[in-house]
Q: 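Have a look at this one before I ask anything.
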Amino acid sequence: MPVTTVPVSVVVVTYNSASIVRDAVHSIDPRAEIIVVDNDSTDETIERLRGAKVRVIRNDRNVGFGRACNIGAAQCARPFLFFLNPDARLRPDALDGLIR
């Protein structure tokens, strides 16, 4: 029987990341919980995430990278946490390797 989830939450912090965020999110294993914390982007970052299987948290101002990471981490429901920058991509087996 295939595993339908992995015990990993992935947090992506964005700020005006419209040109790169969708590729980052699509590189994440869909079995993971994916949380995007947006630091009040003024571009189309949020619109580019429509239809993606993500939870979006929109800050009403840019609170900075570290604080945004903490906001996302506080919402995670899985035992392992992974932070991914929006300009990074994961290999298909990356989260399985993390768990091992």
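Hydrogens, waters and symmetry mates are skipped; everything else that's a heavy atom, side chains included, is used. All values derive from a computational prediction rather than experimental measurement.
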Q: Apply side chain to side chain contact (heavy atoms under 4.5 Å, CB included) to F65 and list each qualifying residue two or more places apart in sequence or on a separate chain.
A: V13, C69, N85
Q: Might you point out which heavy atoms bring V11 and G72 nearest each other, and give the distance in Å?
A: CG2-C, 3.9 Å
Q: Residues two or more places apart in sequence or in another chain: which of them pass side chain to side chain contact (heavy atoms under 4.5 Å, CB included) with A74?
A: none
Q: Quick one: closest heavy-atom pair of L81 and C76, and the distance?
A: CD1-SG, 3.6 Å
Q: Given V36 and L49, is the side-chain contact (heavy atoms from CB on, under 4.5 Å) satisfied, shown in steps?
A: CA-CA 9 Å; V36 175; L49 294 170; 3.7 Å; yes
Q: Provide the full list of salt bridge (Lys or Arg N to Asp or Glu O under 4.0 Å) pairs with a residue in residues 53-72, sequence neighbours left out, each pair given once.
A: none
Q: Check whether I35 and V56 end up in the same hydrophobic cluster, where Ile, Leu, Val, Met, Phe, Trp and Tyr are linked by side-chain heavy atoms less than 4.5 Å apart.
A: no
Q: Write out all pairs satisfying side chain to side chain donor-acceptor pair (under 3.5 Å) with one or both partners inside residues 86-100, taking only residues at least two apart or from two chains.
A: R31-D96
Q: Once rounded to the nearest 0.5 Å, what's the spacing between atom CZ of F80 and atom OG of S9?
A: 11.0 Å
Q: Cluster question for you: counting only ILVMFWY and a side-chain heavy-atom cut-off of under 4.5 Å, with indirect links fine, are I46 and I20 together?
A: no
Q: Run the salt bridge (Lys or Arg N to Asp or Glu O under 4.0 Å) test against R48 and tell me which residues pass, sequence neighbours left out.
A: E44
Q: With rounding to the nearest 0.5 angstrom, report the CG to CG distance, L95 to D29.
A: 5.5 Å
Q: Considering non-hydrogen atoms only, spot the tightest contact between A88 and A24 and give its length.
A: O-CB, 3.5 Å
Q: Going by the rule side chain to side chain contact (heavy atoms under 4.5 Å, CB included), which residues pair with N62 if we only count those two or more places apart in sequence or in a different chain?
A: Y15, N39
Q: P30: which residues meet the side chain to side chain contact (heavy atoms under 4.5 Å, CB included) condition with it, sequence neighbours left out?
A: none
Q: So which heavy atom on N59 is nearest to which on A68, and how close?
A: ND2-CB, 4.2 Å
Q: Can you list the residues that meet the side chain to side chain donor-acceptor pair (under 3.5 Å) rule with S17, with sequence neighbours excluded?
A: none
Q: Please report the closest heavy-atom contact between I34 and V25, naming both atoms and the distance.
A: CD1-O, 4.3 Å
Q: How many angstroms lie between CD1 in I28 and CG in L90, if you round to the nearest 0.5 Å?
A: 6.0 Å
Q: Restricting to non-hydrogen atoms, name the atom on T14 and the atom on T45 that form the minimum distance, rounded to 0.1 Å.
A: OG1-CG2, 3.7 Å
